[in-house]
**Q** 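The structure under discussion is supplied below as structure tokens; questions concerning it will follow.
All figures in this text were calculated on a predicted structure; none of them were measured in a lab.
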Amino acid sequence: MVRTLVSLKLRLLRNGLRRSPERLVGYIIGSAFGLLVTAGITAGLLLLDDRTAAADAAAVLTAALTVCWAALPLFLFSGDESADPTRLTMLPLRPRPMVAGTLLGALIGPGPILGLLLLTGAAAGATGGPASIAAAVVGVPLTLVTLLTLSRAVAAANARLLSSRRGKDFAIFGGLLFAVLTQLGNLGMQSALRSPGTGVDLSPVRPYAAVLRWIPPVSSLDAVRTAADGDWPLALLQLALTGALLAALLRWWLRSLTTLMVSHDASTQVATVGTRSGRAWRLLPDNRTGAALQRHLRYAWREPRAKAAIFTSIGMTGVFCALSVVQGWSSVYVLVMGGLMLGLQSINLFGMDGSAFWMVAQTLATRQDARQELRGRAAAVLLYAVPVLLVLGPVLAAATGQWDALAPALGITLGALGAGVGLGVLLSVLLPYAMPVDASPMRSAAPGQSGVVLLNTFGAMLGVALLTLPLGGVLLWFVLADLPTWPLLPLGLAYGAGLAVLGLHLAARRLPSRVPEILAHAIER
Amino acid sequence: MQGPTPPPAVSIRDLWKRFGAQTAVAGLTLDLPAGSFIGLVGPNGAGKTTTLSMATGLLRPDHGTVLIHGADVWQDPAAVKARIGILPEGLRMFERLSGRELLQYNGRLRGLPGAEVDRRAEELLAVLDLAGSADKLVADYSTGMRKKIGLAAALLHNPDVLFLDEPFEGVDPVSAQTIRGVLSRYAAAGSTVVFSSHVMELVESLCDWVAVVNAGQVVAQGTLDAVRGDRSLHASFLDLVGVREADGAALGWLGGADR
């Protein structure tokens, strides 16, 4: 029974990798990258000459690892089938061997190995004397097993929710949010820990570490430090604390599994939520443009992939701006990147529809239909892009104090946005590609289309950059000739609008005759 | 029927479609009479879905023409798309809209005035027993509910010809009865329904005209009675597509006392 579950995990891993060479390469590169980062952190911990500082860092690191591991199933649940106990409900299994098998299965894979490496490094930095080594030999595996159990227990307790549509939707968006938060945390750590001249200073971490080291599973790792200090009863207590947590988690997991195995699936009832209609929609034109715009905006909020794409571009712009401010090289002109990122949201408009594009195809016959459809979708992109940029501009100006450069920066940004929309709409008609069927937010295209996607994304980026270049030239001329730069605002606006209209016109001419071809490309396989 | 033969609702001539090495539709020619309830039957992979996709303008044929009430699907798509309604199989809808929103969206894409769309949408939702779930996302609908909302979207603009690909696949008996009722009413008013299925009993009870498709070609067509003769449609269908007898020797262990 236990052996079967372990071999199931191995087989799932192997077959998953066998599905396409790209996956295998991605897996290997990802694992190698993870190994590199882990090795770097471990080496850094080992190189710390101050044992107390190393122990502080180890405590914070283990705490961060715990949070990540607890959150992991929320994002990766649909990816790792072996973590989903509901798939086994039809088999005559008892919970106890199932827990043992799943736990052993969970030990397989790059994640636990990297975790083991990291924890070993963290413990090694704090060792001193044979007692502490004995504590590490018990503490490190205990911490790792507790982390794995925590992850699986969280997954089992939320299995119904996670396998429902809402759970999957949340996973995509939550993963993104988590990534952005990690970036911001990273940024904060960098600015807090970097004291000029002396290298890394870990003293700000100390008060947090002082609390964290008493909370299991951090406590079992900190037992190494306590043992090295010679206070071995305390070290034993710390180990016992984690042991107690492990026992409690196993109990919780077992109870969740038992409930899952005997209760009926109510995930569809969890998922149902009504929609409401707002009054603002009545302002839209009562034609195809209005309908396309409304649906696009609704999808921007309700469809996790579309939502993730939009919030990635906004989040990346935000992180980039914050980074530039923190590192002290910021300028209002960083805003142009926001224009570029948001303009690119109009790439692959129809591919995003997936096979649902047939509903559009069925009703799109004339050039008039095409114009209205494209106009509605472009307007939807502008409807969220422009306000974001209008807010971000003054924020950047306030952060940098370059209020006088705000007007030309906005002008160039709007020019880039218009160029992005025009080019994106045209590419949507000429080079559509299918989005992947599975809900992984990290993959932006179905297998075998990476070429088209690269062409789309980088072609569009390059195109927008080239199209925005003239505005940059004008700015340079204005500055060199000592002329006021504010006329760049109306100029950029007009230029961007012109490019958008041109793109829409060209795309609308080609769209009606390309409808079946676009549908064939948009259907995800 | 009066006078000579009325012009066909759908006229397909020498239709071909290849996907790589595989030929899905191989010179299919078919005339479907107007005002009939037509069943397109055939085994899996016979080319039913491909044919319906090409007849409705969703898939470009390699060769051949399709006329809907005299208008060429590929030469005059505007005239054709306004006159047909479709319910495809295996394609999604915009599932992140609620049922009501989906109908409102679809009607406006069709260029119908907003107030009229809303009125028809409410009626269709009520008749198809979806009024209670009208504000739920289609993504949370059951298979039967999806088929019903798809049917509502296909009927919204009151088309002359309705194409349905496997409309009863995976549908529970209650929903199936509702769909049958709506379709019968629609056909009784003189419109044409073309639906594909591999459930012979269903075709027999609903259709007055049948076309049997196998390996991308029509192997029999005509009124239900002409195609089935004095046998059941099931028996004549198996004959037409040439089925192999089951091998009795294999699976000897299945059932019985020896576990």
**Q** Show the nearest heavy-atom pair for residues A:Glu373 and B:Leu109, with the distance to one decimal.
**A**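 Closest approach of A:Glu373 to B:Leu109: OE1-CD2, 3.9 Å.
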
**Q** Check whether any side-chain heavy atom of B:Tyr105 sits under 4.5 Å from a side-chain heavy atom of A:Gln294, and report yes or no.
**A**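 No, every pair of side-chain atoms sits at 4.5 Å or beyond.
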
**Q** Salt bridge between A:Arg302 and B:Glu101, side-chain N to carboxylate O under 4.0 Å?
**A**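 Yes, charged N to carboxylate O under 4.0 Å.
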
**Q** Go through A:Asp369, A:Val515, A:Leu364, A:Thr366 and name the one with the most non-hydrogen pairs under 4.5 angstrom from chain B.
**A**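 If we count pairs closer than 4.5 Å to chain B, A:Leu364 comes out on top.
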
**Q** Which atom pair, heavy atoms only, marks the closest approach of A:Ala365 to B:Pro77?
**A**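 Minimum heavy-atom contact is CB-C, 3.8 Å.
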
**Q** Any donor-acceptor pair under 3.5 Å linking the side chain of A:Ser355 with the backbone of B:Arg92?
**A**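 Between the backbone of B:Arg92 and the side chain of A:Ser355 there is a qualifying donor-acceptor contact (under 3.5 Å).
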
**Q** When rounded to the nearest 0.5 angstrom, what distance separates CZ in A:Arg295 from CD in B:Gln104?
**A**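 The CZ atom of A:Arg295 sits 14.5 Å away from the CD atom of B:Gln104.
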
**Q** Using a 3.5 Å distance criterion without hydrogens, assess whether the side chain of A:Trp358 forms a donor-acceptor pair with backbone atoms of B:Leu87.
**A**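 Judged by distance alone, no pair lies under 3.5 Å.
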
**Q** Which answer fits A:Ser513, side chain, backbone, both or neither, if we ask what part of it has an atom under 4.5 Å from a heavy atom of chain B?
**A**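 For A:Ser513, the backbone is the part near chain B, not the side chain.
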
**Q** Any side-chain heavy atom of A:Arg288 sitting closer than 4.5 Å to one from B:Arg108?
**A**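 A side-chain contact is absent here, since even the closest heavy-atom pair is not under 4.5 Å.
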
**Q** Around B:Arg13, counting heavy atoms of other residues, nucleotides and ligands shown, do more than 12 lie under 6.0 Å from its CZ?
**A**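 Correct, the count exceeds 12.
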
**Q** Quick one: closest heavy-atom pair of A:Asp286 and B:Pro113, and the distance?
**A**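 It is OD2-C, 4.3 Å.
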
**Q** Working note: A:Thr363 + B:Lys81, criterion side-chain contact (heavy atoms from CB on, under 4.5 Å); need CA distance, chi angles, decisive distance, verdict.
**A** CA-CA 6 Å; A:Thr363 55; B:Lys81 286 180 178 177; over 6 Å; no

**Q** Tell me the closest heavy-atom pair linking B:Met93 and A:Tyr299, and the distance in Å.
**A**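 In terms of heavy atoms, the two residues are closest at O-OH, 4.4 Å.
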
**Q** Determine the minimum heavy-atom distance between A:Glu303 and B:Arg96, stating which atoms define it.
**A**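 Here A:Glu303 and B:Arg96 meet closest at CG-CG, 3.8 Å.
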
**Q** Kindly give the heavy-atom pair with the smallest separation between B:Thr56 and A:Gln362, and that separation in Å.
**A**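 That closest heavy-atom pairing would be O-NE2, 3.1 Å.
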
**Q** Please state whether the side chain, the backbone, both or neither of B:Ala82 comes within less than 4.5 Å of a heavy atom of chain A.
**A**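 Neither part, no heavy atoms under 4.5 Å.
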
**Q** Which of the residues B:Asn106, B:Val80, B:Asp76, B:Ile86 is involved in the greatest number of heavy-atom pairs with chain A at under 4.5 angstrom?
**A**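 When all of B:Asn106, B:Val80, B:Asp76, B:Ile86 are compared, B:Ile86 has the most.
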
**Q** Sort B:Leu112 into side chain, backbone, both or neither according to what part of it lies under 4.5 angstrom from a heavy atom of chain A.
**A**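 Neither part.
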
